[in-house]
Amino acid sequence: MRVATMRFPRLLLRNVSGRGIPAQRWLANLSAQCPSHVAVLGEQYPTDHMTNISPTIVSKLPLKLHTQPSHPLSTLRALIESHFPTYAHLSSLSPLVTPYQNFDLLSFPADHPGRSVTDSYYVNKDLMLRTHTSAHEVDVFGRGETKWLLTADVYRRDEIDGSHYPVFHQTEGARIVSANATGMKELEEDNERLAAHLERSNIEIEDVPHLSPANPCQPAHDPKHTELIAKNLKLSLNSLMLHLFGGRVGATAGNPLQVRWIEATFPWTTPSFEVEVFFRGKWLEILGCGVVRQATLDNANVPDKLGWAFGLGLERIAMVLYSIPDIRLFWSRDPRFLSQFQQGEITTFKLYSKYPACFKDVSFWLPQGETLHENDFCDLVRDVAGDVVEDVKLIDNFTHPKTNRKSLCYRVNYRSMDRSLSNDEANSLNAQVVSCLQDRFRVEIR
């Protein structure tokens with residue numbers, strides 16, 4: 001399921017047309033600089049006009065934070081898995097997939113912005129880094145798994161700030177049953193069990209209809225079957241929300257955990273929903289879910305099945321549960337960060353230091369008639385300065401009224417999470433950013 005990452009909903013692959021379109025010369029320049037092969041996970045792959053995977057991203061591929069003992073993401077993964085003990089637990093699938101697996105098998109439109117080189121990382125035109133765990137959905141269903149959880153690192157080109165990172169982690173869950181009387185009886189019995197559990201629990205649920213004109217049944221499905229599978233989805237996830245958040249909010253009969261469901265629209269499920277939880281005084285977007293498209297099941301060669309799937313982003317939930325203020329911290333190797341956590345325990349992160357920020361502005365003219373995508377600039381900054389950059393903001397966008405030349409100004413905020421960064425160090429890094437910007441995109445620095 002595309003999360004948080006499906007990217008539900010602010011984790012959806014973004015339509016970034018409002019931030020500028022990819023310049024044709026972007027690919028030409030990159031291709032000219034690109035070696036004939038690129039090393040990824042110990043293997044050499046040929047490059048081509050689509051290659052845009054960066055050294056910074058390649059360095060993240062082996063790390064798999066969700067499998068590192070005592071790491072917050074590992075504890076959260078284990079907590080979710082413990083709630084689904086009868087499901088297969090998968091967490092070691094390669095991040096390399098084909099565009100066909102990542103998009104086409106899941107009915108992504110041919111013009112979906114997620115296919116663009118400005119949104120996704122390509123090794124070459126035939127191989128890319130998965131942008132969501134759903135890239136494996138058809139394969140997992142096809143090998144006979146009927147109930148499973150898949151946790152993995154996923155990759156999307158993105159902006160730089162405290163809540164966005166080009167690598168993040170998703171857990172996807174799915175269940176399919178036979179679309180016949182036997183399968184429906186299985187759902188009815190499970191629904192009865194889950195409903196009884198929730199009835200005894202301190203949870204208040206604001207629901208929406210399982211089906212509606214805006215959230216319809218698929219033409220190939222029996223509406224009664226869809227009602228049953230959607231109900232099973234909701235009961236299963238309400239129970240998961242109680243498992244994740246109930247103890248953290250101190251839910252009682254007088255102050256129950258509040259969960260609400262919202263109708264949604266996703267191209268890969270219908271009906272579709274979003275789930276929010278009221279936590280620490282505000283509603284938090286937790287996940288997206290829905291009834292799996294029949295085309296996906298047909299592609300998996302299980303056409304006689306009916307199923308649901310959900311997807312959630314681990315970093316988003318972990319930042320809330322652990323009170324971690326900056327997504328970069330998940331990648332820190334500083335003992336002052338790592339020593340605060342134990343496997344299986346959710347504790348409040350204690351900020352060990354707050355070093356001063358040092359911002360630098362980068363202002364430049366683009367070549368006549370050209371544009372520069374914000375994700376291109378952010379990837380360049382990451383390759384030069386890594387996680388020393390806290391955020392990047394576009395602070396000026398100007399088109400000269402006479403020459404029609406376009407000028408951009410980005411503010412790069414340098415702040416280390418582990419030590420004080422001197423002004424000289426920031427100046428040196430910024431000079432490297434400027435030099436790379438000139439070399440790669442032939443801009444004129446203002």
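Position 1 is the first residue of the sequence; numbering continues from there.
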| Tyr122: partners by ring pair (Phe, Tyr, Trp, His ring centres under 6.0 Å), with sequence neighbours left out | none
| task | Show the numbers, then the answer: is there a salt bridge (Lys or Arg N to Asp or Glu O under 4.0 Å) between Glu370 and Arg442? | result | CA-CA 10 Å; Glu370 298 290 352; Arg442 291 181 284 187; over 6 Å; no
| Is there a donor-acceptor contact under 3.5 Å linking the side chains of Asp48 and Asn124? | no
| said: Quick one, Asp361 with Arg411, criterion salt bridge (Lys or Arg N to Asp or Glu O under 4.0 Å). Give me CA distance, side-chain angles, the key distance, then yes/no. | reply: CA-CA 4 Å; Asp361 291 348; Arg411 176 157 294 170; 2.7 Å; yes
| Pi-cation contact, Phe273 with Lys234 (under 6.0 Å, within 45°) | yes
| task | Mind checking side-chain hydrogen bond (donor to acceptor under 3.5 Å, both in side chains) for His136 and listing every partner two or more places apart, or none if nothing turns up? | result | Arg130
| query | Aromatic ring centroids of Phe341 and Tyr322 under 6.0 Å? | reply | yes
| task | Evaluate ring-ring contact (aromatic ring centres under 6.0 Å, His included) for Phe141 paired with Trp148, printing each intermediate quantity in order. | result | CA-CA 9 Å; Phe141 281 141; Trp148 50 269; 5.5 Å; yes
| request: Determine, step by step, whether His132 and Phe108 satisfy the ring-ring contact (aromatic ring centres under 6.0 Å, His included) criterion, reporting the C-alpha distance in whole Å, the side-chain angles of both residues, the deciding distance to 0.1 Å, and the verdict. | output: CA-CA 13 Å; His132 53 137; Phe108 273 64; 5.6 Å; yes
| query | Taking Asn202 for the side chain and Ala253 for the main chain, is one N or O donor matched with an acceptor at less than 3.5 Å? | reply | yes
| request: Carefully, step by step, assess Ile205 and Asn238 under the rule side-chain contact (heavy atoms from CB on, under 4.5 Å). | output: CA-CA 8 Å; Ile205 302 161; Asn238 285 332; 3.4 Å; yes
| field | side-chain contact (heavy atoms from CB on, under 4.5 Å) assessment of Val208 paired with Ile262 | value | CA-CA 7 Å; Val208 293; Ile262 300 169; 5.8 Å; no
| request: Determine the interplanar angle of the Phe349 and Tyr352 rings, folded into 0 to 90°, and report it as parallel if under 30°, tilted if 30 to 60°, perpendicular if over 60°. | output: perpendicular
| Main-chain N/O of Pro35 paired to Thr47 side chain as donor or acceptor, under 3.5 Å | yes
| task | For the residue pair Phe279 and Phe245, categorise the inter-ring angle as parallel (less than 30°), tilted (30 to 60°) or perpendicular (more than 60°). | result | perpendicular
| field | Non-hydrogen side-chain atoms of Asn299 and Leu297 separated by less than 4.5 Å | value | no
| request: Report the distance from atom OG1 of Thr171 to atom CG of Leu287, rounding to the nearest 0.5 Å. | output: 10.5 Å
| field | Verdict with reasoning, Phe330 to Ile324, per side-chain contact (heavy atoms from CB on, under 4.5 Å) | value | CA-CA 9 Å; Phe330 290 110; Ile324 293 174; 3.7 Å; yes
| note | In this structure, CG of Leu429 is separated from CG of Asp424 (nearest 0.5 Å) by 11.0 Å
| Can you check whether His197's main-chain N or O pairs, donor with acceptor, with Ser201's side chain at less than 3.5 Å? | yes
| said: For His373 and Ser116, which I'm curious about, is there any donor-acceptor pair between the side chains at under 3.5 Å? | reply: no
| said: For Lys64, is there an ion pair with Asp153 - N to carboxylate O distance below 4.0 angstrom? | reply: no
| note | Rounded to the nearest 0.5 angstrom, the CD1-OG1 distance for Ile80 and Thr75 is 11.0 Å
| Side chains of Arg280 and Ser323, donor plus acceptor under 3.5 Å | yes
| task | Check side-chain hydrogen bond (donor to acceptor under 3.5 Å, both in side chains) between Glu444 and all other residues, then give those that pass, not counting sequence neighbours. | result | Arg405
| task | For residues Ser120 and Thr131, report the shortest heavy-atom separation together with the two atoms involved. | result | OG-CG2, 3.3 Å
| request: In sequence, state the C-alpha distance, the side-chain angles, and the governing distance for Arg157 and Asp376, and then conclude on salt bridge (Lys or Arg N to Asp or Glu O under 4.0 Å). | output: CA-CA 8 Å; Arg157 304 186 72 198; Asp376 298 335; 3.0 Å; yes
| request: Just do the side-chain contact (heavy atoms from CB on, under 4.5 Å) check on Arg175 and Val292 with the steps written out, would you? | output: CA-CA 9 Å; Arg175 179 184 187 182; Val292 178; over 6 Å; no
| Is the gap between the ring centers of Phe377 and Tyr410 under 6.0 Å? | yes
| query | Taking only residues two or more places apart in sequence, or in another chain, which ones meet Tyr414 in a ring pair (Phe, Tyr, Trp, His ring centres under 6.0 Å)? | reply | none
| request: Report yes or no: does Thr51 contribute a side-chain atom to a donor-acceptor pair with the main-chain N or O of Val123 at less than 3.5 Å? | output: yes
| field | From Ser428 atom OG to Asn423 atom CG, the distance as rounded to the nearest 0.5 Å | value | 11.0 Å
| request: Enumerate the residue pairs fulfilling salt bridge (Lys or Arg N to Asp or Glu O under 4.0 Å) with a member in residues 255-269, sequence neighbours excluded, ordered by first and then second residue. | output: Arg260-Glu276
| query | Hey, does Leu106 have a side-chain heavy atom less than 4.5 Å from the side chain of Thr296? | reply | yes
| note | side-chain hydrogen bond (donor to acceptor under 3.5 Å, both in side chains) filter on Thr347, not counting sequence neighbours, yields none
| said: Treating Arg115 as the side-chain partner and Pro109 as the backbone partner, does any N or O pair qualify as donor plus acceptor under 3.5 Å? | reply: yes
| said: Using modelled atom types and a 3.5 Å cut-off, is there a donor and acceptor pairing between side-chain atoms of Gln340 and backbone atoms of Phe337? | reply: no
| Between Lys60 and Trp331, is NZ or CZ placed under 6.0 angstrom from the six-membered ring centre and within 45° of the ring axis? | yes
| task | Decide if the gap between the ring center of Phe364 and the ring center of Phe441 is smaller than 6.0 angstrom. | result | no
| Would you say the side-chain atoms of His89 pair up with the backbone N or O of Tyr87, donor to acceptor, closer than 3.5 Å? | yes
